[in-house]
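Okay, structure first, notes after.
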Number of protein chains: 2
Amino acid sequence: MVQYISHRLDASFAALSDPTRRGVLEQLGRADASISDLADRFHMTLTGMKKHVSLLEAAGLVTTEKVGRVRICRLGRGMLETEAAWIDQQRRIWTERFDALDAIVQELKQGNPT
Amino acid sequence: MVQYISHRLDASFAALSDPTRRGVLEQLGRADASISDLADRFHMTLTGMKKHVSLLEAAGLVTTEKVGRVRICRLGRGMLETEAAWIDQQRRIWTERFDALDAIVQELKQGNPT
DNA sequence: TATATACTGAACCATTAAGTTCAGTATTAG
DNA sequence: CTAATACTGAACTTAATGGTTCAGTATATA
């Protein structure tokens, strides 16, 4: 399971590391869109955008549905849940360690005044 | 400024997309470490680990200090703040849109019973 | 039916990434 | 002083990314 999560984080953080793909997520937060819509908005070929969307889909951040000749893209449910959880955990650990260090510094100040 | 943040998110999400580098962050959450320590722990050459650490440092996630011949690596202050903020914002937008959609569905159910 | 639209897939190109080895410099220990 | 340690930098290999073009299929419109 840990392996599974790690692999998922690989994919989603890699997906988020590209400004176009973050832009697509932001756009899909405003409204669903077709591949053509997105390609237009980000000044890219259809094929290029298709690859970005496929990648986002593989990372579980976006879902798509083909309706007629159009593929509709939406944000995925539970989007960024795992990613937020990992980041929060790291920040929690860091804060704890920092607070502990701070406490030691305070203690030294008390016990060892200039 | 938006440009600046975007560039920073590029770098940090790319940094987070590698399991070794996420491992390094987790490890540094437990204790500071030298490059050699980390290279050992992750079964990699010194040179290889150095590159990962440099990348993490460039992304602002880690700071280092050279003491004698050893380079000590620690978590950076304010680590993952910007990244957590971006993710939280996206999740907030998504939740709002989802709730709004849900409300519409409810309304349709009320006004248009089977 | 003929044409335009929307996507899909294969192939290609340039750049970056992850890792290595090897040769060096600086610092510490004996 | 000598030897071992810890890092640094350059060069190289292999693979992945981000983008393209071109040729195709499927669907909608005139």
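Only this structure's heavy atoms are used, side chains among them; waters, hydrogens and symmetry mates stay out. Residue numbers start from 1 in every chain, and the chains themselves are labelled A, B, ... in the order their sequence lines are given, proteins ahead of strands.
With values rounded to the nearest 0.5 angstrom, B:Leu16 atom CG is found 9.0 Å from A:Leu9 atom CG. In this structure, CZ in A:Arg91 is found 11.5 Å from CG in B:Leu75, a value given to the nearest 0.5 Å. Remark: A:Ser6 OG to B:Arg22 CZ distance equals 4.5 Å, nearest 0.5 Å. Distance check: A:Asp32 CG to A:Thr64 OG1 gives 11.5 Å after rounding to the nearest 0.5 Å. Note that CG of B:Asp37 and CZ of B:Arg41 are 7.5 Å apart. Values are rounded to the nearest 0.5 Å.
Between B:Lys51 and the phosphate of D:dG9, there is no side-chain N or O to OP1/OP2 separation shorter than 4.0 Å. Side-chain nitrogen and oxygen atoms of A:His52 include at least one within less than 4.0 Å of the OP1 or OP2 phosphate oxygen of D:dG19.
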Please tabulate, one pair per line, all N/O donor-acceptor pairs under 3.5 Å involving side-chain atoms of residues 43-55 of chain A, not counting sequence neighbours.
{"residue": "A:Thr45", "atom": "OG1", "partner": "A:Gly48", "partner atom": "N", "Å": "3.1"}
{"residue": "A:His52", "atom": "ND1", "partner": "A:Arg21", "partner atom": "NH1", "Å": "3.2"}
{"residue": "A:Ser54", "atom": "OG", "partner": "A:Lys50", "partner atom": "O", "Å": "2.9"}

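Per the geometry, CD1 belonging to B:Ile35 stands 10 Å off C1' belonging to D:dT8, to the nearest Å. The separation between B:Asp40 atom CG and D:dT5 atom C1' is 12 Å, rounded to whole Å. Straight-line distance from the CG atom of A:Asp10 to the C1' atom of C:dA17: 14 Å, rounded to whole Å. Counting to the nearest Å, the P atom of D:dA26 and the NZ atom of A:Lys66 are 10 Å from each other. If you take CE of A:Met44 and C1' of D:dT21, they are 15 Å apart, rounded to a whole angstrom. Whole-Å rounding puts the A:Phe42 CZ to D:dG19 P distance at 11 Å. Put simply, CG on A:Leu56 is 13 Å from C1' on D:dG18, counting in whole angstrom units.
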Discussion item. Using a 4.0 Å heavy-atom cut-off to protein, can you give one letter per nucleotide of nucleotides 21-30 of chain C, 5' to 3': B if the base is in contact, S if only the sugar-phosphate is, - if neither?
Written reply: BB----BS--

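The nearest heavy atom of DNA chain D to A:Met49 and to B:Arg71 marks one nucleotide each, and the one closer to the 5' end goes with B:Arg71. The nearest heavy atom of DNA chain D to A:His43 and to B:Lys50 marks one nucleotide each, and the one closer to the 5' end goes with B:Lys50.
Checking C:dG19, C:dA18, D:dT8 against every side-chain atom of B:Leu55, the shortest atom distance belongs to C:dA18.
Under the side chain to side chain contact (heavy atoms under 4.5 Å, CB included) rule, A:Leu28 has a single partner from A:Val62, A:Leu56, A:Leu61, which is A:Val62.
Inspection of the A:Trp86 and B:Glu26 side chains reveals an N or O donor paired with an N or O acceptor under 3.5 Å.
Using cut-offs of 30° and 60° on the angle between ring planes, the pair B:Phe13 and A:Phe13 is parallel.
For the segment residues 15-31 of chain A, no residue has any heavy atom less than 4.0 angstrom from an atom of DNA chain C.
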